[in-house]
Amino acid sequence: MDERVSDLFGSGNGLGSGSSAVASNAKSGNGHGTAGQKAPKNKKSKARYPRNFKPSNNTPYLPPEAEEGNIEYKLKLVNPTQYRFEHLATQMKWRLQEGRGEAVYQIGVEDNGMLAGLSEEDMRASLNTLHCLAEKVGADITVLREQELDYDSDDPHKIAEVLIRKVPDDQQFLDLRVAVLDIFMRSRLDGLQASALRSWGFNSKGEVVNYSESRTAEQICESASKMITFIDLAGHHKYLKTTIFGLTSYCPDFAMLVVSANTGIAGTTREHLGLAMALKVPIFIVISKVDLCSRTTVERTVRQLERVLKQPGCNKVPMVVGSTDDAVTAAQQFAQFPNITPIFTLSSVSGQSLDVLKVFFNILPPLSNSKEQEELMQQLTEFQVDEIYTVPEVGTVVGGTLYSGICREGDHLIVGPTDSGQFQELSIGSIQRNRSGCRVLRAGQAATLALGDFDRSLIRKGMVILSPEMNPTICWMFEAEIVLLFHAKTFHKGFQVTVHIGNVRQTATVEAVHGKEELRTGEKAVVCFKFLKHPEYLKVGAKVLFREGVTKGIGHVTKLQPISQYQPSHGEDEEV
């Protein structure tokens, strides 16, 4: 991992020579589309398979059905008995819970993954049963695609892929955060105006719900079962610190790298890929402004991206998405296989492929399942403060992500650390998700919290709001195991860098490089850092990313040097 990220980062200038690509991973037959290609209307659509699975005995297979997860295989659902129907409904509830409100059913597929297919009559009956099951558990169904199997048979058989999605309940919609890395700050994602860039909503039937229909944020949240929230990060090199803060602090589920078709790959493209890999944020690419240049120019940009993605330093498998069918495949494989990188081409003038991107977002599943979220919800409350506002008639408002626990209106919590390492007491007024009121905030969800008349000067970015029962570790100094990705000369004691750890961003001094006098590019070591301005709340194991000029490095926290045990303060004599 470190060597690959190091190759990608380089100095942040140029694309590098790039050695032989992993060509075998990008060959056809793995569900990859081609630029601008449309699915033939009158031709049979053959089944696609995950790239690491090989069919046997000339019979198409999917991987065997997994007990966990939100994907369910069903050979057929024709006239089930009442007992069988109730069992199937319970099973659907489980799959929906695993997918945090979403499940995908493969109809005509056996449990071992064999694509047996169904006749037209049995498929129609099975989809009708599936609709009745979804209605019973409070969900809707959307047939993503039907495919005719290419068997040597006079009797055609089909398989169907169906999305099951819960109807929104108490605003507990699925919210996926996408960090937008737009290298050219003025080239917004084609087809999305500034207002729409905030979020896209999808209802339980998979229909888009957004601001274009003059809906308010509250109306969108009420009708949406799934929200795609876009975090607009400046991709330009001079705003790299802001970009890094957004990727580390806002906890995005995915990153979307926007590349202009008429300009091609800029010097920061590789650096953004390296950042995403270092932070383990899955990334996909959107090539915009395809209407401003010829097809040849667009294809050249696509080929440039494919070469970069296939380099040993990246080792990604590019998947050019040219149809809605490709988008379904890309969304599923993107979530299952971290080396898959979908590539879209869009036009703001013609609207080309914008519908394809919408299909992708509609199907894109969450990376964490319900069990992982439940485990986080059982822990004490921890909310990361990323933004601070003063709202008329509301008072101080903070925005961020609830890392663990549950937060409700009226909860009494603590916020800090201050310059002296202490915490202040506060109470939560109102809570909003996507600009709409919310009664309960759960782990993993982003929101804004109204703190009433709490003094804004006592809060800064990088603080945390915690349960009073928590005993937080506050430190000026910490140790981290790092790898130096790039440095012009040598990295040694006394060197100053900007450190990013979660929502913490602060200048720190290198106090010691254990076991070595200095580090050079590509070398590893345990390094002791000391913050310059104020102590911070950290955890062992947290990812560390640091940068200063051309110097770049990554690692993780291995040891903390706490300043003292937590002592509550009411803030009367606090100096901030």
Side-chain angles (χ1 to χ4, degrees), residues 1-2 5-6 241 244-251 275 278-280 379-380 382-386 400-401 403-404 414-423 459-467 470-487 490-519 523-549 551-567 576:
M1 171 65 179
D2 295 336
V5 174
S6 179
K241 289 183 179 179
I244 295 174
F245 178 78
L247 287 173
T248 57
S249 177
Y250 295 148
C251 304
L275 283 171
L279 299 170
K280 297 183 178 180
Q379 299 176 17
L380 294 174
E382 178 181 329
F383 182 90
Q384 298 181 348
V385 177
D386 300 329
T401 304
Y403 181 80
S404 63
I414 56 175
V415 62
T418 63
D419 286 5
S420 60
Q422 293 184 315
F423 280 72
I459 306 179
R460 58 173 171 79
K461 292 182 181 180
M463 282 186 170
V464 287
I465 298 177
L466 306 173
S467 169
M470 190 176 290
N471 187 20
T473 302
I474 312 302
C475 62
W476 280 97
M477 300 175 65
F478 68 95
E479 292 183 1
E481 184 178 321
I482 67 156
V483 57
L484 190 61
L485 300 176
F486 184 82
H487 191 61
T490 57
F491 184 85
H492 51 76
K493 180 180 178 180
F495 195 79
Q496 289 188 0
V497 294
T498 300
V499 173
H500 296 263
I501 308 174
N503 65 334
V504 170
R505 179 178 66 180
Q506 189 182 157
T507 302
T509 302
V510 176
E511 293 293 301
V513 180
H514 296 306
K516 298 182 179 180
E517 289 293 327
E518 56 188 23
L519 284 181
E523 293 184 339
K524 298 180 181 180
V526 175
V527 175
C528 179
F529 293 95
K530 182 179 180 180
F531 293 120
L532 291 186
K533 295 182 180 180
H534 40 69
E536 300 282 11
Y537 166 72
L538 300 180
K539 289 182 177 180
V540 172
K543 294 187 184 72
V544 177
L545 196 150
F546 59 88
R547 174 185 173 89
E548 185 59 40
T551 300
K552 312 177 190 79
I554 59 172
H556 64 276
V557 176
T558 56
K559 184 179 180 181
L560 304 176
Q561 297 185 19
I563 55 175
S564 64
Q565 295 296 316
Y566 151 66
Q567 294 180 351
V576 178

Does some side-chain heavy atom of I501 sit less than 4.5 Å from a side-chain heavy atom of Y537? no
Any side-chain heavy-atom pair from M477 and E511 closer than 4.5 angstrom? yes
Does K539 pair with E382 as a salt bridge, N-O distance under 4.0 Å? yes
Any chance you could measure E523, atom CD, to I482, atom CD1, to the nearest 0.5 Å? 10.0 Å
Apply the test side chain to side chain contact (heavy atoms under 4.5 Å, CB included) to residues C528 and K493: give CA-CA distance (whole Å), side-chain angles for both, the deciding distance (0.1 Å), then the verdict. CA-CA 9 Å; C528 179; K493 180 180 178 180; over 6 Å; no
Reported CG-to-CZ distance for the pair N503 and R460, which is rounded to 0.5 angstrom: 9.0 Å
So, do T507 and F531 sit near enough that their side-chain heavy atoms are less than 4.5 Å apart? no
Can you check whether D386's main-chain N or O pairs, donor with acceptor, with S249's side chain at less than 3.5 Å? no
Look at the side chain of Q506 and the backbone N and O of H534, then say whether any donor-acceptor pair between them is shorter than 3.5 Å. yes
Tell me if the OH atom of Y403 is crowded by more than 12 foreign heavy atoms within 6.0 Å. no
Do Q496 and E548 have a side chain donor and acceptor closer than 3.5 Å? no
Going by heavy atoms in the side chains, are E481 and H556 under 4.5 Å from each other? yes
Just verifying a value: how many Å separate L275 CG and K552 NZ, rounded to the nearest 0.5 Å? 9.0 Å
Here the pair of heavy atoms bringing S467 nearest to I414 is O-CD1, 4.0 Å
If I compare all heavy atoms of L560 with all of C475, which pair ends up nearest, and what's the gap? CD2-SG, 4.1 Å
Quick one, T473 with F478, criterion side chain to side chain contact (heavy atoms under 4.5 Å, CB included). Give me CA distance, side-chain angles, the key distance, then yes/no. CA-CA 11 Å; T473 302; F478 68 95; over 6 Å; no
Heavy-atom side-chain contact between K280 and K543 under 4.5 Å: yes
Derivation of the salt bridge (charged side-chain N to carboxylate O under 4.0 Å, His left out) call for E479 and K530: CA-CA 9 Å; E479 292 183 1; K530 182 179 180 180; over 6 Å; no
Check whether any side-chain N or O of K516 sits under 3.5 Å from a backbone N or O of K524 as a donor-acceptor pair, and report yes or no. yes
4.5 Å side-chain heavy-atom contact, L279 and L545: yes
Can L380 and S404 be said to form a side chain to side chain contact (heavy atoms under 4.5 Å, CB included), step by step? CA-CA 6 Å; L380 294 174; S404 63; 5.7 Å; no
So, for F491 and F546, is the gap between ring centers shorter than 6.0 Å? yes
So do the side chains of V540 and T558 get within less than 4.5 Å of each other, counting heavy atoms only? no
Interatomic spacing from CZ in F383 to OG1 in T401 - rounded to 0.5 Å: 6.5 Å
Checking the side chain of T551 only, and the main-chain atoms of R547 only, is there a donor and an acceptor separated by less than 3.5 Å? no
Heavy-atom side-chain proximity of L466 to F423 below 4.5 angstrom: yes
In terms of heavy-atom contacts, P535 and I474 come closest through CB-CG2, 3.7 Å
Heavy atoms of I563 and S420 approach each other most closely as CD1-O, 4.1 Å
Report the C-alpha distance between V513 and L519 in whole Å, list the side-chain angles of each, state the deciding distance to 0.1 Å, and finish with yes or no for side chain to side chain contact (heavy atoms under 4.5 Å, CB included). CA-CA 8 Å; V513 180; L519 284 181; 4.0 Å; yes
